[in-house]
Amino acid sequence: MRVSQLFFQTLKEVPKEAQIESHRLLYRAGMIQKLASGVYNYLPLVLRSIRKLEDIIREELNKRGCQEVLMPSVQPAELWQESGRWSYYGPELLRLKDRKGGDFCLGPTHEEVITDMVRRNLRSYKQLPYNLYQFQSKFRDEVRPRFGLMRGREFIMKDGYSFDVSEEKAKESYKKMYEAYNAIFRRSGLKFKPVDAATGAIGGDMSHEFQVLADAGEDTILSCSKCDYAANLEKATSVYKENELDFSAVPPMKDVATPDQKSVEEVAAFLGKTTEEIMKSMIYMVDEEPVLILVRGDKEINEAKVQAFCKGNAVELASDSVIEEISSAEHGFIGPVGLKKQIKILADYSVTTMPSLTAGANKVGFHTENVVIKRDFTPDAISDFVITTAGERCPHCDGVLEECRGIEVGQVFYLGTKYSSKMKCEFIDESGASVPAVMGCYGIGVGRTVQAAIEQNHDEFGIIWPMAIAPYEAIVLPLQMNKEEVKNAAFDFYEKLNMAGVETVIDDRDERAGFKFNDADLVGYPVQVIFGAKSLEKGIVEVKIRKTNEKQEVKIDEAIDFIVNFKKEELKQK
RNA sequence: CGGGGUGUAGCGCAGGCCGGUUAGCGCAUCGGUUUUGGGAACCGAGGGUCGGAGGUUCGAAUCCUCUCACCCCGACCA
C-alpha cells in the first residue's frame with residue numbers, strides 16, 4: 001500500500017472528548033471517527049488491527065473445536081420475553097418497532113438467540129458438546145459512553161457459547177476457553193491478568209475476567225504480591241474469617257445517647273471510640289426482600305457480594321419508608337438488636353473480630369454499647385460482605401494484596417442451565433430423560449482489546465503496535481522523493497519486503513523527512529526502513545525498531561532477511 | 001437520572017457581557033516560489049445557512065424563549 005493512497009489523515013489536534021492517550025492516538029493516527037455518541041467509523045488502519053486480532057481468536061478457537069456462526073444484530077422481543085430479560089434488562093437495551101408494530105431490540109448480547117438456535121437442532125446427548133461463536137457488533141445504550149472504543153455503545157465483540165451434557169463437562173468447556181483466552185491474549189502481545197470476577201446480571205456462578213493492565217483502566221484489580229491470586233474488586237476477598245472470641249468479660253448492653261450522631265465517624269468521635277469499634281448497619285433491598293447487613297465501621301459494604309450471597313437480581317439501599325417499617329429509628333440509628341420487624345441479618349466476618357461493638361439502638365438519638373454477636377443477636381449468616389482493599393492479606397498465602405487498574409477485554413462465564421431451562425434448550429440423555437443443556441458463555445471485546453493494546457503500548461511519539469496486531473508490519477520511507485535513485489531503490493525494496501511476507505507500506509508522499517518520521521512513529525509501524533540519498537550510496541539502509549526507537553544501519557541486500565527474522569522473533573509466544 | 005459545560009470552516013479555538021458594513025486566528029486543503037534526515041518559509045486562493053426553530057430590534061453569532069446534539073464529574077451498568 002502506498003501511503004499517498006491510504007485512506008487516513010494524521011492530526012495534530014484532536015477533538016476534546018478524547019480524554020485518555022489511546023483514544024487521542026486513535027484519532028491522531030487517523031484510525032477512527034465518531035459518528036454519534038459512542039458510535040464510531042473504523043478506518044482502514046484500525047480495521048486491519050481488528051481483523052488480525054479476530055484471526056488470532058478464530059485460530060485459537062477453531063483449534064479447540066469451536067465453530068463460527070453469525071447471528072443477527074436485530075432480535076425479536078419474544079426471545080427476550082421468554083428468558084425474562086425483556087422486562088429487567090433496562091434502558092441499556094435499545095428497543096425498536098418494525099412497521100407492523102412488532103417489538104425488536106438491537107442485541108447487546110446473544111444468549112437468547114443462540115439458545116433458540118441450538119434448541120432447534122438439539123435432540124440427543126450424542127450431539128454434544130457444541131461450542132459456537134461469532135464476531136458481531138453489539139449495541140448497549142450506555143448511560144455514558146466514553147474513551148472511544150473502550151466504552152462505546154456499538155462495539156465489536158466476539159461472543160461464544162458452549163453447550164454440554166453435564167455440569168462436569170460444562171466445566172471442562174469453561175476450562176478450555178479459559179486456556180484459549182490466555183493463548184489469545186498472549187499471542188496478541190498484551191500484558192494481562194485473568195482475575196476472579198463477579199457474575200453480575202448475566203448470572204451463573206463461576207467467572208473470570210481477562211484484564212489488560214493499564215493505569216487508565218476502568219476496573220480495579222487486587223492481586224497478591226506472592227502467589228497468582230487476582231480478583232476484580234467486587235469479588236476480591238482477603239484472609240478474614242470468622243473469629244471465635246471470648247465474650248465472658250463483656251458487660252451487658254447499655255444504651256447511650258448520641259443525639260444527631262448518624263455516621264460511623266460521628267458516633268465514634270462522639271463516644272471517643274475508633275471506627276473499628278462501631279458496627280455499621282444498613283438495610284438493603286435484595287429484589288423484594290429487605291436484608292440487614294452488618295459490617296465493622298471501618299469497612300465498606302460490597303453490594304456485589306450481597307447480591308451473590310442472596311442470589312438476587314438487584315441490590316439497592318432500602319427507602320426511608322421501608323426502614324420505617326423495620327426499625328423505630330431512622331437510618332443512622334439502626335442496629336441488629338431491637339428491630340420492630342425481624343428481617344434477615346447478614347454479618348460480615350469483620351464483625352466477629354471485635355469482642356464487642358457499638359450499634360444503633362433502633363431508637364432515634366441512641367446507640368447501644370457492648371453488643372456481642374451470638375449473645376445479643378444471632379445473624380442468619382456470617383460471611384464476606386465487604387470491599388477488600390489493598391494492603392490486606394491474600395486469602396491463599398501470606399502475601400499482601402496490591403491494587404492496580406485494568407481494562408476488561410474478555411470474560412468467561414459458567415452459566416449452568418439459567419437460559420437453557422427457561423428456554424427449553426433440552427436433549428434426551430442416556431436414561432431417556434429430557435434435560436437442559438449446561439451452558440457457558442465467553443466474550444472478548446475486540447475493539448476494546450485493540451485500544452487496550454494502544455493504551456498499554458505507546459510513548460510520547462505515538463503508538464507502538466505489538467507485531468501480531470499491527471495494521472502493517474513495516475513502512476519504507478524514501479526521504480528524497482525527488483531523487484530517482486532513492487525512489488527506485490525504495491520501491492524495489494518495498495516490493496521485495498512484501499514478497500517476503502512482511503506487510504509493508506511505502507510513504508511515497510512528497511513530504512519532508514521529518515513529516516514522514518513523525519507520521520510513521522505516530523501510526524506505530526513496528527519497523528521503519530529509511531532510504532536516504534547518502535546511505536544509499538554506501539548500499540545501506542537504516543532500520544528503525546519502533547519498540548526501542550533504535551536505528552541501525554543494514555546492508556540493503558541483508559535488510560530483508562534482517563526484517564523477516566525480526567518479525568519472526570516478535571511473533572514468538574513469550 | 002443529578003450537577004456542570006459546549007455547539008462559530010474538516011479539526012482546535014477567538015468573538016458574545018457591551019447588537020452595527022466584507023465573522024476572525026492556528027492546523028488542514030488548493031496554486032506558486034524557495035526548500036528537503038525529525039511535523040519548512042514566503043506569496044496567493046478556496047471553504048461558514050455562527051446546531052435548529054421562533055421572537056425582540058431599523059439591524060442578531062451576540063439579547064429572549066423553545067428545541068436538538070455533544071462533552072465532563074457523579075450515580076448506574078459489566
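Every chain is numbered from 1, with letters handed out A, B, ... down the list of sequences. This one's a predicted model, so the numbers in the text were calculated from it and none came from an experiment. Below, all heavy atoms of this structure are taken into account, side chains as well, without hydrogens, waters or symmetry copies.
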Closest of B/rG37, B/rC71, B/rG38 to the A/Glu542 side chain is B/rG37

Atom P, compared across B/rC64 and B/rU6: separation rounded to whole Å:
13 Å

- Item | Residues A/Lys418 and A/Glu111 bridged, charged N to O under 4.0 Å | no

Check whether any side-chain N or O of A/Ser535 sits under 4.0 Å from OP1 or OP2 of B/rG37, and answer yes or no. no

Between CD1 of A/Ile20 and C1' of B/rC71 the distance, given in whole Å, is 15 Å

Pairs under 3.5 angstrom, nitrogen or oxygen only, protein versus nucleotides 27-31 of chain B, please.
from, atom 1, to, atom 2, distance (Å)
B/rA28, O2', A/Gln9, NE2, 2.8

- Which word best sums up how the rings of A/Phe210 and A/Phe192 line up, parallel for under 30°, tilted for 30 to 60°, or perpendicular for over 60°? tilted

Is the shortest side-chain N to carboxylate O distance from A/Arg509 to A/Asp507 below 4.0 Å? yes

Are the ring centres of A/Tyr442 and A/Tyr133 closer than 6.0 Å? no

Taking the P atom in each of B/rU67 and B/rC1, what is the distance between them to the nearest angstrom? 14 Å

Which of A/Leu26, A/Ile469, A/Ile454, A/Asn41 passes side chain to side chain contact (heavy atoms under 4.5 Å, CB included) with A/Val46? Answer is A/Leu26

Assert: residue with more 5' nearest nucleotide on RNA chain B, out of A/Gly38 and A/Val14, is A/Val14

Taken to the nearest whole Å, CG/A/Leu415 to C1'/B/rA78 is 14 Å

Between CZ of A/Phe517 and P of B/rG38 the distance, given in whole Å, is 7 Å

Closest to the 5' end of RNA chain B, once A/Phe147 and A/Asn518 are matched to their nearest nucleotides, is A/Asn518

Handout entry: Same-atom distance (P) from B/rC66 to B/rC72, integer angstrom
Key = 26 Å

Winner on side-chain proximity to A/Leu522, out of B/rG39, B/rU35, B/rC72, is B/rG39

Self-check item: Sugar-phosphate only, base, or nothing, as touched by A/Arg448 at under 4.0 Å among non-hydrogen atoms
Solution: nothing

Fill in: Presence of salt bridge, A/Asp215 and A/Arg405, under 4.0 angstrom
no

Please state the C1' separation for the pair B/rG7 and B/rU22 - nearest whole angstrom. 25 Å

Paired to B/rC17 by Watson-Crick or G-U wobble criteria (both distances under 3.5 Å) is none

Does a side-chain N or O from A/Lys34 land closer than 4.0 Å to OP1 or OP2 of B/rC71, or not?
yes

Side-chain contact check for A/Phe413: nearest option of B/rC76, B/rA78, B/rC11 is B/rA78

Requested in this report: Write down the distance separating the C1' atoms in B/rA9 and B/rG15, rounded off to the nearest Å.
Outcome: 15 Å

Taking a pair to mean Watson-Crick or G-U wobble geometry with both distances below 3.5 Å, B/rG2 pairs with B/rC73

With a 4.0 Å cut-off on N to O distance, would you call A/Glu54 and A/Lys158 a salt bridge?
no

*Quick one: label A/Lys516 by what it contacts on the DNA or RNA (base, sugar-phosphate, nothing), any heavy atom closer than 4.0 Å.*
nothing

B/rC17 versus B/rC63 - spacing of their P atoms, nearest Å:
5 Å

Applying the 3.5 Å cut-off to both distances, the Watson-Crick or G-U partner of B/rA53 turns out to be B/rU65

Centre-to-centre under 6.0 Å for A/Trp80 and A/Tyr89, is that the case here?
yes

Inter-nucleotide C1' distance (B/rG12, B/rG55), Å rounded:
33 Å

So what does A/Lys544 touch, heavy atoms closer than 4.0 Å: a base, only the sugar-phosphate, or nothing? base

Closest to the side chain of A/Leu479, out of B/rU36, B/rG37, B/rC77, is B/rG37

ask   = What nucleic acid atoms does A/Gln480 come within less than 4.0 Å of, heavy atoms only: base, sugar-phosphate, or nothing?
value = base

note: A/Glu537, atom CD; B/rG37, atom P; distance rounded to Å ~ 14 Å

Scanning all shown strands, the Watson-Crick or wobble mate of B/rG37 with both distances under 3.5 Å is none

How far, in whole Å, is B/rA45 from B/rG5 if one measures between their P atoms?
41 Å

From the candidates B/rG39, B/rC1, B/rG37, the one with an atom nearest any side-chain atom of A/Val143 is B/rC1

When both distances are under 3.5 Å in a Watson-Crick or G-U wobble arrangement, the nucleotide paired with B/rC25 is B/rG12

| Hey, is A/Glu179 close enough to A/Lys176 for a salt bridge, meaning N to O under 4.0 Å? | no

Ranking B/rC11, B/rA78, B/rC76 by distance to the side chain of A/Arg146, first place goes to B/rC76

From CG of A/Leu11 across to P of B/rG10 the rounded distance in Å is 14 Å

message: When you measure from the side-chain N and O atoms of A/Lys16 to the phosphate of B/rC13, is any distance below 4.0 Å, counting only OP1 and OP2?
response: yes

Is A/Lys551 touching bases, backbone alone, or none of the nucleic acid, heavy atoms closer than 4.0 Å? base

Whole-Å distance, A/Arg85 CZ to B/rC77 P, equals 15 Å

Full working for side chain to side chain contact (heavy atoms under 4.5 Å, CB included) between A/Ile20 and A/Met150 | CA-CA 10 Å; A/Ile20 60 174; A/Met150 220 140 98; 3.7 Å; yes

Winner on side-chain proximity to A/Asp519, out of B/rG39, B/rC77, B/rG74, is B/rG39

Between OH of A/Tyr442 and C1' of B/rA78 the distance, given in whole Å, is 18 Å

Describe the nucleic acid contact of A/Glu408 in one word from base, sugar-phosphate, nothing, applying a heavy-atom distance below 4.0 Å. base

Taking a pair to mean Watson-Crick or G-U wobble geometry with both distances below 3.5 Å, B/rG44 pairs with B/rC30

A/Arg153 atom CZ is separated from B/rA69 atom P, nearest whole Å, by 10 Å

Specify whether A/Phe185 and A/Tyr181 have parallel, tilted or perpendicular ring planes, treating 30° as the upper limit for parallel and 60° as the lower limit for perpendicular. perpendicular

